[in-house]
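Just below is one structure, and these are the notes that go with it.
If you read the sequence from its start, that first residue is 1, and numbering goes on from there. Just follow the structure's listing: the first ligand is 1, and inside any ligand the first atom is 1.
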Amino acid sequence: MVRPVAVLTGPPGSGKSTVGVALAERLGLTVLDTDALVEHRAGTSITDIFVDQGEASFRALEKAAVADALAEHPGVVSLGGGAVLDPDTQELLAGHRVVFLDVSLRYAARRSGFDQGRPLLALNPRGQWLQLMADRRPIYERLAWLRVNTDEREVADIVAEIAAAIESDANQRSQDG
Ligand SMILES: Nc1ncnc2c1ncn2[C@@H]1O[C@H](COP(=O)(O)OP(=O)(O)O)[C@@H](O)[C@H]1O
Ligand SMILES: O=C(O)C1=C[C@@H](OP(=O)(O)O)[C@@H](O)[C@H](O)C1
Ligand SMILES: [Mg+2]
């Protein structure tokens, strides 16, 4: 069975898309970002899907993209921040190496692009980010195989921590047979 080597979760601005690319490069694998897959399949941007079809339509497209990525992609998978809200997706994630990229509002807000292209944060980005993080934190924590704090840290440093954890887990699994 094909399985991703790691699945990145966390709120917007935690660095899932960026760390996904760098981690895949480090491991000599490819990355699949489920937001990019949704956009590719819909032939339009996430913002336009939210505006023209509504959030529920986006969530349905996202759910299908995540299920396909988990079933078919052997590299790194980066999720959109809200993908974990779906109960079926939560079940599918069980047993995967789910990495929760944790971040505080201060650092998420600082990162370029925080306010752009994310329709959920279009009005009052900081207030909306705090609310969604409060709602989702228990889910991110429950699903996590590894939690990595990304505040004040370079992408390369975050990638090194995740790669080391994957290597140690893979060694442990091969010893266990
Ligand atoms: N550890 C980091 N330090 C500094 N900037 C970062 C870090 N991680 C991501 N970024 C920047 O923050 C922005 C948002 O990152 P992104 O990967 O799109 O986050 P997500 O996919 O979790 O929403 C990008 O411009 C990215 O370059
Ligand atoms: O948190 C969310 O609900 C969302 C996060 C976005 O992805 P990132 O977390 O990669 O920004 C994107 O999927 C969409 O705008 C909804
Ligand atoms: Mg992203």
Please determine which of Thr34, Thr89, Asp88 meets the side-chain hydrogen bond (donor to acceptor under 3.5 Å, both in side chains) test together with Lys63.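 Result: among Thr34, Thr89, Asp88, Asp88 is the only option passing the side-chain hydrogen bond (donor to acceptor under 3.5 Å, both in side chains) with Lys63.
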
Judged on heavy-atom distance to atom 6 (C) of ligand 1, which of Glu154, Glu152, Arg111, Arg153 sits nearest?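 Looking at heavy atoms only, the winner is Arg111.
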
I'd like a table of donor-acceptor pairs (distance under 3.5 Å, sequence neighbours excluded) in which one partner is a side-chain atom from residues 100-107, with atom names and distances.
{"residue": "Asp102", "atom": "OD1", "partner": "Arg137", "partner atom": "NH2", "Å": "2.8"}
{"residue": "Asp102", "atom": "OD2", "partner": "Arg137", "partner atom": "NH1", "Å": "3.0"}
{"residue": "Asp102", "atom": "OD2", "partner": "Arg137", "partner atom": "NH2", "Å": "3.4"}
{"residue": "Asp102", "atom": "OD2", "partner": "Arg147", "partner atom": "NH1", "Å": "2.5"}
{"residue": "Ser104", "atom": "OG", "partner": "Asp151", "partner atom": "OD1", "Å": "3.4"}
{"residue": "Ser104", "atom": "OG", "partner": "Asp151", "partner atom": "OD2", "Å": "2.8"}

Look at the N, O or S atoms of Thr18, main chain and side chain alike, and state whether any lies under 2.8 Å from the Mg ion (ligand 3).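 Under 2.8 Å: Thr18 has no N, O or S contact with the Mg ion (ligand 3).
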
So if I count the atoms of ligand 2 from 1 in the order they appear, which ones are less than 4.0 Å from some heavy atom of [X]?
X: Lys16; value: 8 (P), 9 (O), 10 (O)
X: Pro119; value: 15 (O)
X: Asp35; value: 6 (C), 7 (O), 8 (P), 10 (O), 12 (C), 13 (O)
X: Leu120; value: 2 (C), 3 (O)
X: Gly82; value: 1 (O), 2 (C), 3 (O)
X: Gly80; value: 7 (O), 9 (O), 13 (O)

Verify same cluster id: [X], [Y] (apolar side-chain graph, 4.5 Å):
X: Tyr140; Y: Val7; answer: yes
X: Leu85; Y: Leu92; answer: yes
X: Val99; Y: Val76; answer: yes

For ligand 1, which is the ligand I care about here, please tell me if [X] has any N or O atom under 3.5 Å from one of the ligand's N or O atoms.
X: Gly15; value: yes
X: Lys16; value: yes
X: Thr150; value: no
X: Val19; value: no

Tell me which protein heavy atom sits closest to [atom], plus the residue, atom name and distance to 0.1 Å.
atom: atom 1 (O) of ligand 2; answer: Arg136 NH1, 2.7 Å
atom: atom 5 (C) of ligand 2; answer: Gly81 N, 3.5 Å
atom: atom 11 (O) of ligand 2; answer: Arg118 NE, 2.6 Å

I'd like to know whether ligand 1 has [X] as a neighbour, heavy-atom separation below 4.0 Å.
X: Gly13; answer: yes
X: Gly80; answer: no
X: Arg110; answer: no

Using side-chain contact (heavy atoms from CB on, under 4.5 Å), reason through Arg3 and His73 one step at a time and then give a plain yes or no. CA-CA 6 Å; Arg3 293 169 65 79; His73 188 70; over 6 Å; no

Compare every heavy atom of Ile162 with every heavy atom of Leu146, then report the nearest pair and how far apart it is.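 Reported closest heavy-atom pair: CD2-CA, 4.2 Å.
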
Is the number of heavy atoms from other residues, nucleotides or ligands under 6.0 Å of Glu25 CD greater than 12?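 Incorrect, the count does not exceed 12.
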
Neighbour count >12 (heavy atoms, 6.0 Å) for atom CD, Gln53: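 Yes, because the 6.0 Å sphere around CD of Gln53 holds more than 12 heavy atoms from other groups.
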
Is it true that Asp68 and Arg41 have a side-chain N and a carboxylate O under 4.0 angstrom from each other?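 Counted as a salt bridge, because a side-chain N and a carboxylate O are separated by less than 4.0 Å.
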
Output yes when Arg59 and Asp86 qualify as a salt bridge under the 4.0 Å nitrogen-oxygen rule, no when they do not.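 Result for this pair is no, no salt bridge flagged.
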
Give the atoms of ligand 1, by number and element, whose distance to some non-hydrogen atom of [X] is under 4.0 Å.
X: Pro11; value: 22 (O)
X: Pro12; value: 23 (O)
X: Ile158; value: 1 (N)

Test item: Trp129 side-chain N/O and Ala109 main-chain N/O as donor-acceptor pair under 3.5 Å: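 Here the side-chain-to-backbone pair does not exist.
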
Here's a test for you: under side chain to side chain contact (heavy atoms under 4.5 Å, CB included), which of Leu70, Leu29, Val31 qualifies with Pro4?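 Filter result, single survivor: Leu70.
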
Between Glu55 and ligand 2, find which residue part has any heavy-atom pair under 4.0 Å and reply side chain, backbone, both or neither.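 Under 4.0 Å from ligand 2, Glu55 contributes no heavy atoms.
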
With side chain to side chain donor-acceptor pair (under 3.5 Å) as the test, would you mind laying out the steps for Asp135 and Gln131 before giving the verdict? CA-CA 6 Å; Asp135 294 342; Gln131 185 60 55; 3.0 Å; yes

Report yes or no: does a heavy atom of Arg59 sit under 4.0 Å from some atom of ligand 2?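 Yes; Arg59 lies near enough to ligand 2 that a heavy-atom distance drops under 4.0 Å.
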
